[in-house]
Number of protein chains: 2
Amino acid sequence: MAPDLLSRLRARNWRLSSQRRVVAEVFVGDHVHLTAEGVHQRARKSLPEISRATVYNTLNELVAMGELLELDVIDGPKRYDPNVGDEHDHLVCDSCHAIRDVPRSRKPSMIPEGTRAGYVVTGVEITYRGLCPECAERRSRNR
Amino acid sequence: MAPDLLSRLRARNWRLSSQRRVVAEVFVGDHVHLTAEGVHQRARKSLPEISRATVYNTLNELVAMGELLELDVIDGPKRYDPNVGDEHDHLVCDSCHAIRDVPRSRKPSMIPEGTRAGYVVTGVEITYRGLCPECAERRSRNR
DNA sequence: TTTACTGCAAACCGTTTGCAGTTCC
DNA sequence: GGAACTGCAAACGGTTTGCAGTAAA
């Protein structure tokens, strides 16, 4: 198993302030998809004085370092995904906007040569849309 | 071939003001991916007094009617895609942010039953990331 | 004539920034 | 000691909204 976020950051000689540590800790061992605001709230529990600006700065750095993924799969604020280890896709509930990671089962089919328009393709993102069990259930009841 | 946007709107008895017509006309026969601001600029060429608010209102209605697709594949302002007829994916240049539609070659692979977490899956979005020919060329030159 | 759209400006939300002060190494 | 980080508050960009006026049907 890959070392956790904090050890990876230490290994990179990342200047480790209490604020940064607290932000990183929000993500350890957790596969949630928090907004910056959500991260701020959780971070405040351990460090009440941490400012919103610092949370944003830190999140942006972690993204730039490749330690967090920025998700823009639902509108509203961006979400941050700590699951950078294995390639995965996202399953989004159109009703309550819950997001789940789903492992990428097989290689996604490449674009046919002819329609590639000369682009060099380096990655693929796949988002499945639908209804989570709760919302699907609620819908069928209210019909 | 499917009737164009304007005829479809007429067929729906959409109350047709000059502003709305002008916004709709921006999209006819064109497969570009404009921002609201871009739509406003083009609309102004035919109707200089049209306001930003009206452009936003109109775009939102067209999206709600299913006559435009809202794209959030690059950060910054949303893009609007008039190509609602055929299922397609998007090819995005990571450098200049150009977007191209690509026809969906074959059915995307479904999520394996086991990892579906009880979701009812109703759609899939696929975004290919890479470099457009110009940016790829420029990069290899400046190396 | 009535209903619904438009324009303006102000408000809004999420995010970034400038700067003075503080902390880490 | 010095570079790098933090907090504040103000600014930002994109979008929405309330309301008085106007235009489509």
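We name chains A, B, ... by the order of the sequence lines, and we start the count at 1 in each one.
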Selection from dG7(C), dA23(D), dA9(D) that lies nearest to any side-chain heavy atom of R15(B): dA23(D)
Basic-acidic side-chain contact under 4.0 Å: R12(B), E67(B): yes
dT6(D) OP1/OP2 closer than 4.0 Å to side-chain N/O of S17(A): yes
Length of the CD1-P vector between I50(B) and dT22(D), whole Å: 18 Å
Whole-Å distance separating the CD atom of Q19(B) from the C1' atom of dA24(D): 11 Å
Residue mapping more 5' on DNA chain C - nearest nucleotide basis, W14(B) or T35(A): W14(B)
Pairs where residues 43-52 of chain A contributes a residue and the test side chain to side chain donor-acceptor pair (under 3.5 Å) is met, not counting sequence neighbours: S51(A)-T54(A)
Between dC25(C) (P) and N13(A) (CG): distance, integer Å: 10 Å
Side chains of D81(B) and H31(B), donor plus acceptor under 3.5 Å: no
Touch class at under 4.0 angstrom, heavy-atom based, for E49(A) against every strand present: sugar-phosphate
Short side-chain N/O contact from Y56(B) to OP1 or OP2 of dT15(D), under 4.0 Å: yes
Nucleotide nearest P77(B) when distance is taken to its side chain, options dT15(C), dT17(D), dT15(D): dT15(D)
Any donor-acceptor N/O pair, R20(B) side chain to R15(B) backbone, under 3.5 Å: yes
Minimum-distance nucleotide to N60(A) side chain [options: dT15(D), dT16(C), dG7(C)]: dT16(C)
Per A36(A) side chain, nearest of listed nucleotides dT15(C), dC24(C), dG7(C): dT15(C)
Under 3.5 Å: donor-acceptor pair, side chain of R79(B), backbone of L71(B): no
Rounded distance in Å - NZ (K78(B)) to P (dG14(C)): 12 Å
Euclidean distance, atom CZ of residue R21(A) to atom P of dC5(D) [Å, nearest integer]: 15 Å
For atom CG of D72(A) and atom C1' of dG14(D), their distance in whole Å: 13 Å
Nearest-Å distance for atom pair CD/P, residues E61(B) and dT15(D): 16 Å
Candidate nucleotides dA25(D), dC5(C), dC25(C), ranked by approach to the side chain of L16(A) - the nearest: dC25(C)
Closest listed nucleotide, where the reference is the side chain of R52(A) and the choices are dT15(D), dC5(C), dT15(C): dT15(C)
L62(B) CG - dC5(C) C1' separation (whole Å): 14 Å
Pairwise 5' ranking along DNA chain D for N57(B) and S18(B), keeping only the more 5' one: N57(B)
